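Okay, so here's the structure we're looking at.
Remember, it's a predicted structure, so these values are computed and weren't measured experimentally. Numbered from 1 within each chain, the chains take letters A, B, ... in sequence-line order.
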Amino acid sequence: MPELPEVEVIRRGLAPHLEGRHILGLSFGEHRLREQGEPAELLRAAGQRVVELSRRGKYLLARLEQGHTLLMHLGMSGRLLVFHEPAPELPHVHIVVHLEGGLALVFQDIRRFGNFVLHPPGVTPPAVAQLGPEPFDRKVTAAWLARLTQGRRRPLKNFLLDGRMVAGIGNIYACEALFAARLHPATAVGDLTVTEWGRLLRAIRKVLQAAIARGGTTISDFLDGSGNTGLFQLDLTVYGREGEPCRKCGTAVERLVQAGRSSFYCPRCQAQV
DNA sequence: CACCCCACCTGCGTGC
DNA sequence: TGCACGCAGGTGGGGT
């Protein structure tokens, strides 16, 4: 579910509730997430104050006062919701973080692809260490992208989804950015000119910014920390619109499967080179 | 090394 | 109504 914009929207909503507050304790549901620390390990967070809530790619990192990092990832269906204690009984709740001031942070995840792991002081979580730069990082330029992909034949869409290259872009925003940049998802990365990389980079940044400003994309289940849906689904140009007319030229939007994921594109606006 | 496939889960919509 | 199937916003391990 959540890509960079959704995670950033969640971060902004949660930060004022978490930062500066002590974690009183944690409780756990009966099922575990795909990647979840042992209770004894996670309970080391109890008694510590949250210093800062930050984001890298699609990961949320809560830095604790003794230097631990609580790493959270929402997978496909995860939610982080803040309630006043007692938090309501909800299905698929796997972790509840009890906070100072009578607040509870609830991790709900139907599909359980999420992560919730406490890393000791001085350690960058490996999953975060291997991420590429943020799309808004100044080191990411058209020339940098061209150099990175020189001589490679990988499809552009698959490249955008690879967080080790540039972090945080998921299936929705990869499709939307490719449409905005008028590039076909199957184009080999090594074939793009520096000009085209520049166009794509601007499109990526514009789409991500717009989605954050709209509170993210809610297709079936995304909610921010206060339980609100996003609105960017109203602005989607191609994602999920197979067979519907392109908003620019009216041609039917097509769907193509790449690396097991659906790519939506306009065959006319994004003509294969 | 570069890249792809698939597992990991649950739920929902569709078509028979 | 029921059932089988395909599909879903992500990630990483293992295979080619």
Side-chain angles (χ1 to χ4, degrees), chain A residues 1-11 29-36 55-60 71-80 90-94 107-117 125-132 147-178 185-191 204 207-208 210-212 214-224 229-243 255-264:
Chain A
M1 161 224 288
E3 306 183 29
L4 186 153
E6 287 74 29
V7 178
E8 179 60 22
V9 167
I10 289 171
R11 188 197 69 76
E30 50 180 312
H31 294 284
R32 300 182 60 193
L33 301 170
R34 187 154 92 124
E35 201 79 35
Q36 180 178 328
R55 179 192 58 73
R56 264 294 271 136
K58 299 164 192 162
Y59 290 89
L60 282 171
L71 182 74
M72 295 171 279
H73 191 290
L74 300 172
M76 294 276 265
S77 54
R79 288 173 178 166
L80 279 168
L90 300 172
H92 307 294
V93 168
H94 306 110
F107 194 123
Q108 182 189 39
D109 186 357
I110 294 176
R111 293 176 72 182
R112 283 189 271 137
F113 292 168
N115 297 188
F116 195 97
V117 179
V128 167
Q130 63 173 13
L131 290 176
R147 217 176 313 127
L148 181 66
T149 54
Q150 195 172 27
R152 300 205 203 170
R153 306 303 303 162
R154 191 175 192 189
L156 187 49
K157 167 71 177 338
N158 299 10
F159 169 82
L160 292 180
L161 290 184
D162 188 343
R164 295 166 305 183
M165 304 293 121
V166 177
I169 304 168
N171 208 28
I172 295 178
Y173 301 110
C175 292
E176 293 298 308
L178 287 169
T187 312
V189 284
D191 289 348
I204 290 168
V207 166
L208 295 177
I212 292 170
R214 288 283 242 160
T217 300
T218 299
I219 288 175
S220 61
D221 49 23
F222 167 69
L223 296 178
D224 70 15
T229 68
L231 289 172
F232 195 73
Q233 64 279 9
L234 303 173
D235 296 340
L236 294 176
T237 54
V238 285
Y239 184 84
R241 299 191 63 244
E242 184 182 13
R255 186 174 79 100
L256 156 80
V257 176
Q258 296 178 280
R261 324 275 316 266
S262 290
S263 296
F264 299 90

For B/dC1 and C/dT11, measure between their P atoms and round to the nearest Å. 22 Å

Distance test, side-chain N/O of A/Arg261 to OP1/OP2 of C/dG9, below 4.0 Å: yes

Classify the side chain of A/Arg111 versus the base of C/dA8 as yes if they form a donor-acceptor pair under 3.5 Å and no if they do not. yes

With the side chain of A/Pro155 defined as its heavy atoms from C-beta on, choose the nearest nucleotide among C/dT11, C/dG9, B/dC4. B/dC4

With centres under 5.5 Å and planes under 30°, do A/Phe113 and C/dT11 count as stacked? no

Select base, sugar-phosphate, or nothing to describe what A/Pro5 touches, counting heavy atoms under 4.0 Å on all strands. nothing

A/Arg164 has an atom CZ; how far is it from atom P of C/dG10, in whole Å? 15 Å

Please examine the side chains of A/Arg154 and A/Thr149, heavy atoms only from C-beta on, and report whether any two atoms are closer than 4.5 Å. no

Shortest side-chain distance from A/Phe222, nucleotide among C/dG9, B/dC8, B/dT10: C/dG9

C/dG9 base / A/Ser220 side chain donor-acceptor hit below 3.5 Å: yes

Phosphate-side-chain proximity, A/Gln258 and B/dC3, N/O vs OP1/OP2 below 4.0 Å: no

With a 4.0 Å cutoff (strictly under), does any side-chain N or O of A/Lys58 reach OP1 or OP2 of C/dT11? yes

Taking the minimum atom-to-atom distance to the side chain of A/His73, which one of B/dT10, C/dG10, B/dC3 wins? C/dG10

B/dG11, C/dC7, C/dG12: which one has an atom nearest the side-chain heavy atoms of A/Arg255? C/dC7

Return the pairing partner of B/dC1 with a 3.5 Å limit on both distances, Watson-Crick or G-U wobble; otherwise return none. none

Of A/Gly163 and A/Gly260, the one whose closest DNA chain C nucleotide lies more 5': A/Gly260

Integer angstrom distance from the C1' of B/dC3 to that of C/dG9: 23 Å

Taking only side-chain N and O atoms of A/Asn158, does any of them lie within less than 4.0 angstrom of OP1 or OP2 on B/dC4? yes

For a quick test of reading the model: is some side-chain N or O of A/His92 closer than 4.0 Å to OP1 or OP2 of B/dG11? yes

Taking the side chain of A/Tyr239 as its heavy atoms from C-beta onward, which of C/dA8, B/dC4, B/dA7 lies nearest to it? C/dA8

Side chain of A/Asn171 (C-beta onward), nearest among B/dT10, C/dG10, C/dG12: C/dG10

For B/dT10, does OP1 or OP2 lie under 4.0 Å from any side-chain N or O of A/Arg112? yes

Who pairs with C/dG10 - Watson-Crick or G-U, where each distance is under 3.5 Å: B/dC8

Distance from A/Leu80 atom CG to A/Arg11 atom CZ, nearest 0.5 Å? 13.0 Å

Describe the nucleic acid contact of A/Glu242 in one word from base, sugar-phosphate, nothing, applying a heavy-atom distance below 4.0 Å. nothing

Single hit among A/Val93, A/Asp221, A/Leu74 for side-chain contact (heavy atoms from CB on, under 4.5 Å) with A/Gln108: A/Val93

When all nucleic acid strands are considered with a 4.0 Å heavy-atom cut-off, which category describes A/Phe159: base, sugar-phosphate, or nothing? nothing

Counting side-chain heavy atoms from C-beta on, which of C/dA8, B/dG11, C/dG10 comes nearest to A/Ser262? C/dA8

Any side-chain heavy-atom pair from A/Leu148 and A/Phe159 closer than 4.5 angstrom? yes

Answer yes or no: is there a side-chain heavy-atom contact under 4.5 Å between A/Tyr173 and A/Ile204? no

Heavy atoms under 4.0 Å, any strand shown: does A/Ile219 hit a base, just sugar-phosphate, or nothing? base

Any donor-acceptor N/O pair under 3.5 Å between C/dT11 base and A/Arg34 side chain: yes

Quick one, A/Phe232 and A/Ile172 - any side-chain contact, counting heavy atoms below 4.5 Å? no

Nearest-0.5 Å distance that lies between atom CG in A/Asn171 and atom NZ in A/Lys157: 4.0 Å

